[in-house]
Amino acid sequence: MTPETENAFAALRSEYGAESLRRVETMLQSGAGKARHPLQRGAKWILPGISETPWHDPHGHPELAPVVEALEAAHPAIKEEVTAAWAGRREAFSEYEHYLTRQEDWQALHLYRAGALVEESAATVPTAYGVLDEFAVRTGKICPLLECHFSTLLPGAVISPHCDLWNFSINLHLAVDIPDGCSIAVAGEKRTWVEGRCLLFDYSFEHEARNEGHSPRTCLLVDLWHPETTIPERRALTVLVTEVRRLMSQ
């Protein structure tokens with residue numbers, strides 16, 4: 001905890017109450033990472049009190065349901081636009097960088113990153129951009145510490161088993177273009193995407209994905225705040241992670 005972080009936490013406790021950041025403070029205590037599900041062992045931070053539920057019903061959380069419903073309703077237009085971008089504007093896609101490792105057979109077109117919308121994407125994929133802006137960004141449901149992007153796995157691509165950094169955000173996938181032979185497994189449970197529908201899962205659990213088909217697989221990935229986090233916790237976690245990243249960049 002730096003003085004800047006401590007001051008921000010103190011201001012939040014003053015605004016929301018002395019106990020409002022208790023779970024965040026517990027998470028930061030030495031040894032707090034020991035009490036976690038074994039399939040979350042690779043995650044850096046586990047916020048206590050978040051349910052140990054790998055797979056979630058995408059329509060099961062009232063806070064997130066409007067995002068899910070809007071994306072699913074817009075799927076036909078979203079697919080048409082991203083297909084056109086893949087065919088005619090391949091330069092808009094880049095090799096996805098996952099924990100500082102680039103993967104050539106994993107391509108990404110970003111709509112949101114570094115805490116802001118990627119304005120250049122508005123002209124390329126306007127429907128997805130507009131839905132994301134209206135239902136996730138303006139409503140504060142998107143986690144500003146992470147991102148939203150079209151994720152395209154080329155035939156034969158494999159994303160090896162891994163845990164993401166923490167459990168206080170949750171990963172939403174809109175299945176945009178899904179050939180046969182594609183799958184995702186979270187905490188050992190294998191599923192597949194259904195085109196036009198969403199999947200929702202806690203990516204602090206070990207997960208992997210693969211495309212064993214003959215054409216690219218594309219999903220729209222959105223990093224949202226976990227619905228079991230509170231507003232003061234989200235504000236504190238944003239300050240905390242931003243400060244950690246600042247220190248690491250020095």
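Nothing fancy with the numbering, it's 1 onward along the sequence. Keep in mind that this is a model prediction, so the values were computed, not measured. No hydrogens, no waters, no symmetry mates; every other heavy atom, side chains included, goes into these values.
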*Asks:* Would a hydrophobic clustering, with Ile, Leu, Val, Met, Phe, Trp and Tyr connected at side-chain separations under 4.5 Å, put Phe168 with Leu64?
*Replies:* no

*Asks:* With a 4.0 Å cut-off on N to O distance, would you call Glu52 and Arg36 a salt bridge?
*Replies:* no

*Asks:* Got Tyr16 and Arg235 here, is their nearest side-chain heavy-atom distance under 4.5 Å?
*Replies:* yes

*Asks:* Sub-3.5 Å donor-acceptor pair from the side chain of Ser14 to the main-chain atoms of Ala10, do we have one?
*Replies:* no

*Asks:* Nearest 0.5 angstrom please: Ile178 CD1 to His173 NE2, how far?
*Replies:* 10.0 Å

*Asks:* Please confirm whether His110 and Phe150 have ring centers closer than 6.0 angstrom.
*Replies:* no

*Asks:* Do the non-hydrogen side-chain atoms of Phe135 and Thr139 ever get within less than 4.5 Å of each other?
*Replies:* no

*Asks:* Can you give me the closest heavy-atom contact between Val131 and Ala70, atom names plus distance?
*Replies:* CG1-CB, 3.7 Å

*Asks:* Do Val24 and Leu247 belong together in a cluster built from hydrophobic side chains that touch within less than 4.5 Å?
*Replies:* no

*Asks:* Less than 4.5 Å apart, side chain to side chain, heavy atoms only: is that true for Ser183 and Arg191?
*Replies:* no

*Asks:* Side chain to side chain contact (heavy atoms under 4.5 Å, CB included) with His207: which of Leu39, Asn171, Asp164?
*Replies:* Asp164

*Asks:* Minimum heavy-atom separation for Leu237 to Met27, with atom names?
*Replies:* CD2-CE, 3.8 Å

*Asks:* Please examine the side chains of Ile159 and Arg210, heavy atoms only from C-beta on, and report whether any two atoms are closer than 4.5 Å.
*Replies:* no

*Asks:* Heavy atoms only: give me the nearest Leu146-Ser169 pair and the separation to one decimal.
*Replies:* CD1-OG, 3.3 Å

*Asks:* State whether the number of non-hydrogen atoms from other residues, nucleotides or ligands found under 6.0 Å of Glu6 atom CD is greater than 12.
*Replies:* yes

*Asks:* Can you see whether Thr230 engages Glu233 through a side-chain donor-acceptor pair at a distance of less than 3.5 angstrom?
*Replies:* yes

*Asks:* If you compare all heavy atoms of Val118 against all heavy atoms of Tyr112, which two are closest, and at what distance to 0.1 Å?
*Replies:* CG2-N, 3.8 Å

*Asks:* What are the two closest heavy atoms between Val137 and Ile142, and how far apart are they?
*Replies:* CA-CG2, 4.0 Å

*Asks:* Can a side-chain donor-acceptor contact be found between Ser121 and Thr124 if the only test is distance below 3.5 angstrom?
*Replies:* no

*Asks:* Quick one: CG on Leu132 to CG on Leu71, what's the gap to the nearest 0.5 Å?
*Replies:* 7.5 Å

*Asks:* Before accepting this row, confirm whether a basic side-chain N of the pair Glu72/Arg197 lies closer than 4.0 Å to the acidic partner's carboxylate O.
*Replies:* yes

*Asks:* Should the heavy atoms of other residues, nucleotides or ligands under 6.0 Å from CD of Glu63 be counted, would the total exceed 12?
*Replies:* yes

*Asks:* For Gly213 and Pro155, which heavy atoms make the closest approach, and how far apart are they?
*Replies:* O-CB, 3.5 Å

*Asks:* Could you tell me if the side chain of Pro58 sits less than 4.5 Å from the side chain of Leu199, heavy atoms only?
*Replies:* no

*Asks:* Just by distance, do the side chain of Arg113 and the backbone of Glu147 share a donor-acceptor pair under 3.5 Å?
*Replies:* no

*Asks:* Indicate yes or no for a side-chain donor-acceptor contact from Thr83 to the backbone of Glu80 under 3.5 Å, with no hydrogens or angles considered.
*Replies:* no

*Asks:* Between Asp177 and Arg217, is the closest basic N to carboxylate O distance under 4.0 Å?
*Replies:* no

*Asks:* So, does Asp57 use its side chain to make a donor-acceptor pair with the main chain of His61 at under 3.5 Å?
*Replies:* no

*Asks:* What verdict does the side-chain contact (heavy atoms from CB on, under 4.5 Å) test give for Val125 and Ile78, after you've listed the backbone C-alpha separation in whole Å, the side-chain angles of each residue and the deciding distance to 0.1 Å?
*Replies:* CA-CA 7 Å; Val125 283; Ile78 289 174; over 6 Å; no

*Asks:* Do Leu172 and Phe205 land in one hydrophobic cluster if side-chain heavy atoms of ILVMFWY residues count as linked below 4.5 Å?
*Replies:* no

*Asks:* Do Glu243 and Arg245 meet the salt-bridge criterion of a basic N to acidic O distance under 4.0 Å?
*Replies:* no

*Asks:* Are His56 and Phe201 close enough that their ring centres sit under 6.0 Å apart?
*Replies:* no

*Asks:* In Å and rounded to the nearest 0.5 Å, what is the CG to CG distance from Leu145 to Leu240?
*Replies:* 9.0 Å

*Asks:* Is it true that Ser51 and Glu228 share a donor-acceptor pair across their side chains at a distance under 3.5 Å?
*Replies:* yes

*Asks:* Would you give the length of the straight line joining atom NZ of Lys44 to atom SG of Cys163, rounded to the nearest 0.5 angstrom?
*Replies:* 14.0 Å

*Asks:* Could you check whether Glu19 pairs with Arg13 (Lys NZ or Arg NE/NH1/NH2 to Asp/Glu carboxylate O, under 4.0 Å)?
*Replies:* no

*Asks:* Are side-chain heavy atoms of Cys148 and Tyr129 found at a separation under 4.5 Å?
*Replies:* no

*Asks:* Starting from the C-alpha separation in whole Å, work towards a yes-or-no answer on side-chain contact (heavy atoms from CB on, under 4.5 Å) for Ser151 and Tyr96.
*Replies:* CA-CA 8 Å; Ser151 168; Tyr96 188 65; over 6 Å; no

*Asks:* Could you tell me whether Arg89 and Glu91 have a side-chain N and a carboxylate O separated by less than 4.0 Å?
*Replies:* yes

*Asks:* For Glu206 and Arg41: C-alpha separation, side-chain torsions, deciding distance, then whether side-chain contact (heavy atoms from CB on, under 4.5 Å) applies.
*Replies:* CA-CA 8 Å; Glu206 188 176 84; Arg41 62 188 178 276; 3.6 Å; yes

*Asks:* If I take atom CD1 from residue Ile170 and atom CG from residue Leu200, how far apart are they, to the nearest 0.5 angstrom?
*Replies:* 4.0 Å

*Asks:* Does any N or O in the side chain of Asn211 come within less than 3.5 Å of the main-chain N or O of Ala157, such that one atom is a donor and the other an acceptor?
*Replies:* no

*Asks:* With distance as the sole criterion, is a donor-acceptor pair present between the side chains of Trp86 and Thr152 under 3.5 Å?
*Replies:* no

*Asks:* Test of understanding: clusters of I, L, V, M, F, W, Y form through side-chain heavy atoms closer than 4.5 Å, transitively. Do Trp55 and Val68 belong to the same one?
*Replies:* no

*Asks:* Could you walk me through whether Val241 and Trp166 pass side-chain contact (heavy atoms from CB on, under 4.5 Å), step by step?
*Replies:* CA-CA 11 Å; Val241 176; Trp166 54 63; 3.9 Å; yes

*Asks:* Measure from the ring center of His162 to the ring center of Tyr203 and say whether it is less than 6.0 Å.
*Replies:* no

*Asks:* Let me check something: do Leu224 and Ile50 share a hydrophobic cluster, defined by ILVMFWY side-chain heavy atoms less than 4.5 Å apart, either directly or through other members?
*Replies:* no

*Asks:* How long is the span from the NE2 atom in His226 to the CG atom in Asn167, to the nearest 0.5 Å?
*Replies:* 6.5 Å

